[in-house]
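Here's the structure, in structure tokens; my notes come after.
Letters A, B, ... are given to chains in the order of the sequence lines, protein chains preceding strands, and every chain is numbered from 1.
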Amino acid sequence: MLSIGEIERRTGLSSRQIRYYEQSGLVRFQRTPGGQRRFSEEDIKTLLLIKQLLDEEGSVAEVKRRLRDQEGEHALPLHDISRAKLTSLYPVSNRAQLLRALRSIDVPKPK
DNA sequence: ATTCTTACA
DNA sequence: TGTAAGTA
């Protein structure tokens, strides 16, 4: 695992920003028994994504939302789709986003 | 030498 | 966000 110093170089983010994103609930980092943060390669990807998303959209709340969507894809695949009684054969690249879209649609009552 | 938290600008 | 202070 890498230290925060290495992460600063590899992401272009300041340690201040990295710590701030963590306390904002955008990400969670592992800690050593001494309390120091340790980062994985995946943490770097996440931080890079946050960096990108942040200057495109700005809001921390929105980045938080999009980050949840991404995690949802990995956590809940197929079986949940059938439970939602989906019949479409279109490929689902972002399940959470699709479900949100479906909820926003006014479905006529089946008689 | 590095990192951590808290706090002020 | 940057930075200073006092630690671990």
Side-chain angles (χ1 to χ4, degrees):
Chain A
M1 299 298 267
L2 314 108
S3 68
I4 198 171
E6 296 161 4
I7 302 304
E8 288 191 83
R9 303 189 184 79
R10 299 176 61 168
T11 64
L13 291 168
S14 66
S15 60
R16 179 74 167 82
Q17 294 175 301
I18 296 171
R19 294 177 181 127
Y20 178 66
Y21 299 156
E22 183 187 47
Q23 66 175 135
S24 297
L26 260 40
V27 284
R28 184 173 196 69
F29 303 119
Q30 184 172 52
R31 298 284 186 130
T32 64
Q36 296 197 343
R37 281 166 257 255
R38 284 294 121 91
F39 309 77
S40 67
E41 290 299 325
E42 194 174 282
D43 288 333
I44 294 181
K45 293 179 185 174
T46 304
L47 287 170
L48 252 23
L49 177 60
I50 291 176
K51 182 185 184 183
Q52 179 200 315
L53 256 36
L54 225 38
D55 50 51
E56 288 183 347
E57 313 205 50
S59 165
V60 169
E62 239 180 292
V63 173
K64 204 173 196 170
R65 189 169 55 63
R66 297 188 58 170
L67 245 33
R68 285 180 102 166
D69 290 351
Q70 199 195 24
E71 292 175 6
E73 288 183 70
H74 292 291
L76 317 167
L78 256 136
H79 63 282
D80 242 311
I81 293 180
S82 60
R83 191 214 293 171
K85 295 183 168 64
L86 295 183
T87 57
S88 168
L89 294 181
Y90 281 60
V92 178
S93 58
N94 187 322
R95 198 186 71 87
Q97 190 175 70
L98 173 61
L99 292 179
R100 267 208 311 286
L102 290 175
R103 282 187 223 107
S104 70
I105 297 176
D106 186 81
V107 183
K109 276 195 175 182
K111 278 287 176 166

ILVMFWY cluster, A/Val27 and A/Leu48 together (side-chain gap under 4.5 Å)
yes
Euclidean distance, A/Leu49 CG relative to A/Arg66 CZ, rounded to 0.5 Å:
7.5 Å
Quick one, which residues of residues 32-41 of chain A touch DNA chain B with a heavy atom under 4.0 Å?
A/Gly35, A/Gln36, A/Arg37
Please collect all ring pair (Phe, Tyr, Trp, His ring centres under 6.0 Å) contacts where either partner lies in residues 17-59 of chain A, sequence neighbours excluded, each pair once.
A/Phe29-A/Phe39
Spatial distance of atom CG (A/Asp55) from atom CG (A/Leu53) [nearest 0.5 Å]:
8.5 Å
Given A/Asp43 and A/Thr46, is the side chain to side chain donor-acceptor pair (under 3.5 Å) satisfied, shown in steps?
CA-CA 5 Å; A/Asp43 288 333; A/Thr46 304; 5.1 Å; no
Can you tell me how far CD1 of A/Ile44 sits from CG of A/Leu13, rounded to the nearest 0.5 angstrom?
10.5 Å
Give a yes or no on whether a salt bridge exists between A/Arg65 and A/Glu62, defined as a side-chain N under 4.0 angstrom from a carboxylate O.
yes
Per-residue pairing states of DNA chain B in dot-bracket (Watson-Crick or G-U under 3.5 Å; . unpaired, | other strand) read .|.||||||
Donor-acceptor check, side chain of A/Glu6 to backbone of A/Ser3, threshold 3.5 angstrom: yes or no?
yes
Between the protein and nucleotides 2-6 of chain C, which nitrogen or oxygen pairs are less than 3.5 angstrom apart?
unit_1	atom_1	unit_2	atom_2	d
C/dG2	OP2	A/Ser14	OG	2.8
C/dG2	N7	A/Arg16	NE	2.9
C/dG2	O6	A/Arg16	NH2	3.0
C/dT3	O4	A/Arg16	NE	3.4

Is there a donor-acceptor pair under 3.5 Å between the side chain of A/Thr32 and the backbone N or O of A/Gly34?
yes
Give a yes or no on whether the backbone of A/Thr11 and the side-chain of A/Lys51 come within a donor-acceptor separation of less than 3.5 Å.
yes
With rounding to the nearest 0.5 angstrom, report the CZ to CD distance, A/Arg28 to A/Glu22.
7.5 Å
Please list all pairs passing the salt bridge (Lys or Arg N to Asp or Glu O under 4.0 Å) test where one or both residues lie in residues 7-17 of chain A, with sequence neighbours left out.
A/Arg10-A/Glu41
Under 4.0 Å from a heavy atom of chain A: give me the 5'-most and 3'-most nucleotides of DNA chain B that qualify.
B/dT3 to B/dT5
